[in-house]
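In what follows, a single structure is set out as structure tokens and then discussed.
Proteins come first, then strands; the chains are lettered A, B, ... in the order of their sequence lines, and each starts at number 1. FYI, side chains are in, hydrogens and waters are out, and symmetry mates aren't considered; it's all heavy atoms of this structure.
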2 protein chains.
Amino acid sequence: MARSPGTTSSPRDRSGKRQSVTLQDIAAHAGVSRSTVSLVLRESPLVAEATRTQVQASIKALGYVYNRGAAALRASRTFTLGVVVYDIANPFFGAMVAGIDSVLHRENYVSFLANSEDSPERQQRFLERMREQRVDGLLLCPAEGTDPALLTQLADWNMPCVQVLRHIGTPPFDYAGTDFELGVRQAVDHLVTLGHRRIVFLGGEAEHSATRTRHQGYRDAMHAQGLGEAQRIVRGPVTRRTGFESIQTLMQESPRPTAVICHNDLMALGAMLGLQRLGLVPGEDCAVIGTDDIEEAALSLPPLTSVATHPFAIGEEAARLAMRRIANPGGAREQVVLKPRLQVRHSCAPIPASGEAQYRRYPHATLDA
Amino acid sequence: MARSPGTTSSPRDRSGKRQSVTLQDIAAHAGVSRSTVSLVLRESPLVAEATRTQVQASIKALGYVYNRGAAALRASRTFTLGVVVYDIANPFFGAMVAGIDSVLHRENYVSFLANSEDSPERQQRFLERMREQRVDGLLLCPAEGTDPALLTQLADWNMPCVQVLRHIGTPPFDYAGTDFELGVRQAVDHLVTLGHRRIVFLGGEAEHSATRTRHQGYRDAMHAQGLGEAQRIVRGPVTRRTGFESIQTLMQESPRPTAVICHNDLMALGAMLGLQRLGLVPGEDCAVIGTDDIEEAALSLPPLTSVATHPFAIGEEAARLAMRRIANPGGAREQVVLKPRLQVRHSCAPIPASGEAQYRRYPHATLDA
DNA sequence: GCCTCGTTTAGGATCGATCCAAATCTATTG
DNA sequence: CAATAGATTTGGATCGATCCTAAACGAGGC
């Protein structure tokens with residue numbers, strides 16, 4: 001309480017307008033200096049126990065609020081991150097963002113979120129804003145059509161960036177995602193085991209890693225199974241509607257495919273609906289496999305077999321990687337690639353041996369698995 | 001600054017470490033003062049056209065990056081908002097956040113997002129952090145169990161806050177949401193028109209506005225239809241699983257309900273699955289209506305009739321309201337309540353007049369509507 | 001009692017913008 | 001031609017923290 005005889009200039013004495021409590025005020029109240037208070041706030045081991053307690057009491061007494069902006073101005077870090085996804089309404093990204101959030105919360109970080117709507121311009125604008133905000137780093141699912149030069153730009157900006165799920169440019173860069181190639185291979189192998197040979201891939205049209213790797217996985221797996229000739233990729237937007245329409249076109253061909261693997265679950269659900277529209281039974285007349293294993297997959301009829309890609313875990317890994325990169329900006333770039341797992345449900349019937357009864361009933365509906 | 005006479009003290013002369021370009025540097029380059037540059041940046045009409053052009057050229061030439069932290073320190077606004085939802089993985093909130101984002105983007109605002117996971121403690125921690133960040137305002141879906149005193153706290157903090165979807169405390173406060181009461185009434189009326197009388201409401205257990213208003217709407221509508229006696233509310237967590245299990249219990253009763261209205265679509269989809277599990281036909285043996293009209297609703301079998309609550313639009317309204325409140329902090333509090341619309345699909349068959357054939361086929365599956 | 005050494009605390013400079021009151025420059029007018 | 005209003009521009013003070021160097025302090029040794 002050492003209010004020296006000189007002017008302490010308490011901030012709300014003079015004007016009627018009440019200003020905010022600052023370090024200076026606390027220092028005055030606790031009878032120490034600004035610097036000491038600052039050290040206490042930052043939990044420095046330099047300050048003596050008694051002083052710390054005293055200062056903390058004053059902080060509480062005056063109802064002090066830390067000003068992050070001011071701190072960031074002088075220091076370099078902001079404990080702030082920018083996150084860009086291209087479709088936050090997609091439950092897959094929702095889960096991913098939840099994973100990111102859970103890690104950041106533990107690390108005392110807080111994040112800006114933007115929905116790029118797959119527009120590179122919008123994405124660029126947000127990134128520039130993030131630079132102005134002096135965020136410590138970025139988590140980026142690049143919008144479709146993003147110029148790979150973006151990575152150079154970010155490097156010039158000296159801005160750590162972890163790409164998530166998709167990536168642009170060429171390594172080395174930081175990345176967290178899942179092994180789509182492996183996932184598709186598992187799907188193909190599963191179908192082949194069930195006797196399928198005419199397996200079509202319903203895939204994306206965009207040219208980024210997330211489609212390329214899936215297509216690659218499909219081609220490799222088909223070749224490995226000696227089905228190189230039967231390869232067939234149908235491209236289109238990765239929407240429900242495309243699944244719905246593509247499957248109807250496909251099923252009018254002859255011979256028609258016995259199975260489709262879809263770029264994501266939305267397409268797969270659309271495809272199942274398309275089969276019903278034709279009066280066909282999804283899973284029976286044509287096996288369907290999706291990718292992502294969103295919650296809805298377990299709920300469809302029949303429940304959808306899907307390549308589980310664990311969005312929450314990917315989010316967590318990406319956030320952790322960003323923390324590592326911020327702590328050690330010069331460190332070697334890392335690529336965290338999770339292994340997907342084929343979640344088998346009931347949308348893939350085996351091809352019956354000839355002569356066997358064609359008709360099968362659905363298994364009981366269930367929420368499990 | 002009045003340093004020694006003549007020294008311009010360009011920031012990266014002396015140390016090897018390259019510092020960032022500041023207003024001062026631009027001023028020197030353009031031959032004007034710091035203040036003028038600042039005015040140009042803020043698009044003030046005070047500065048002459050010629051000067052503006054000159055300064056903008058210098059800004060570009062030096063590759064200047066605006067420092068929002070510094071600006072916020074001196075000025076009062078940060079052009080920054082905090083958004084709190086309790087389950088970002090829920091596609092409903094994803095759409096809502098997308099709506100918020102789209103408005104903020106237009107307004108040159110950027111937002112912090114947090115997922116409270118319905119934990120008041122976690123929510124409180126984030127709100128305190130937002131105060132430290134000096135955000136201009138908050139968009140809040142209060143976590144379940146939030147103390148209504150939170151509103152007083154925020155008022156003390158002098159922090160504008162728009163509640164979204166749910167609300168705590170008593171008016172006046174700013175709020176954007178949907179008229180759940182009306183929505184449920186529409187659902188009841190629809191069912192009654194189809195001949196239903198034993199209509200159960202599968203609802204939430206939590207005590208906040210979003211459940212209370214739904215229950216209220218249900219009770220009112222049932223009374224208005226002369227079905228006060230038939231009222232029945234089953235409470236439980238608003239999850240798929242609860243829908244799945246509750247419906248199975250209900251259908252074992254005698255007489256059993258002919259229709260259920262669910263707190264949200266997830267419960268409704270779960271309920272349809274539960275009916276299938278019992279070997280019953282959803283929509284035929286028991287009509288099902290959901291709430292929210294998430295994308296998946298159109299995709300189920302049969303396609304789900306649902307009270308559409310337009311999450312994207314709610315997000316937009318909430319963000320716009322926040323902008324208004326920030327521009328005019330003292331203005332009258334507003335409550336923007338959107339009208340829901342019953343999206344009729346095929347999950348509610350009429351109660352057949354006795355003697356009529358019991359069996360009906362599903363209409364063709366479709367993606368439309 | 002004096003000196004050294006390590007621990008704590010102080011205070012001035014600084015980060016990069018905005019605010020504000022005053023200075024300067026143009027036209028315009030009596 | 002001086003005076004004046006209006007349009008631009010300016011410099012110093014300021015926002016609230018951190019960095020950095022130096023000073024104050026207390027304990028222990030001779």
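Which of C:dA17, D:dT18, C:dC15 sits closest to the side chain of A:Ser38 comes down to D:dT18. Proximity note for B:Leu23 (side chain, C-beta onward) versus C:dG16, D:dG16, C:dT18: the nearest is C:dT18. Of the listed nucleotides (D:dG16, D:dT18, C:dG16), D:dG16 has the atom at the smallest distance from the side chain of A:Asn67.
For the pair A:Arg74 CZ and C:dA17 C1', the interatomic distance rounds to 15 Å; values are reported in whole Å. Look at CG on B:Leu73: it is 11 Å from P on C:dT18, rounded to the nearest Å. Per the geometry, CD1 belonging to A:Ile26 stands 12 Å off P belonging to D:dG16, to the nearest Å. Atom-to-atom, CD of A:Gln54 to C1' of C:dT9 comes out at 14 Å; the value is rounded to the nearest Å. Between the P atom of C:dA17 and the CD atom of B:Gln24 lies a distance of 10 Å, rounded to the nearest Å. The distance between atom CG of A:Leu41 and atom P of D:dG16, rounded to the nearest whole Å, is 15 Å. A straight line from CZ of A:Arg134 to P of C:dC15 spans 13 Å, rounded to a whole angstrom. In this structure, B:Phe79 places its CZ atom 13 Å from C1' of C:dT18, rounding to the nearest Å.
Within the 4.5 Å cutoff, no side-chain heavy atoms of B:Phe112 are placed close to those of B:Val83.
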After noting the C-alpha distance and the side-chain angles of B:Gln123 and B:Thr146, does the key distance pass the side chain to side chain donor-acceptor pair (under 3.5 Å) rule? CA-CA 9 Å; B:Gln123 172 178 280; B:Thr146 301; 3.2 Å; yes

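Residue B:Arg42 places none of its side-chain N or O atoms closer than 4.0 Å to OP1 or OP2 of C:dA17.
Under a cutoff of 6.0 Å and an axis angle of 45°, A:Arg166 and A:Tyr175 do not form a cation-pi pair. By the 6.0 Å and 45° rule, A:Arg77 stacks over the aromatic ring of A:Phe79.
In this structure, the side chain of B:Arg325 engages the main chain of B:Asn328 through a donor-acceptor pair within 3.5 Å.
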Identify each atom pair where a protein N or O and an N or O of nucleotides 5-10 of chain D are less than 3.5 Å apart, giving names and distance.
from, atom 1, to, atom 2, distance (Å)
D:dT9, OP1, B:Thr51, OG1, 2.4
D:dT9, OP2, B:Ala48, N, 3.0
D:dT10, OP2, B:Ser33, N, 2.8
D:dT10, OP2, B:Ser33, OG, 3.3
D:dT10, OP2, B:Thr36, OG1, 2.7

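Here ring-ring contact (aromatic ring centres under 6.0 Å, His included) pairs that include residues 26-69 of chain B, with residues two or more places apart or in two chains, number zero.
Among the atoms of the strands shown, none is found under 4.0 Å from any heavy atom of B:Arg68.
Under the side chain to side chain donor-acceptor pair (under 3.5 Å) criterion, B:Ser33 pairs with B:Thr36, not counting sequence neighbours.
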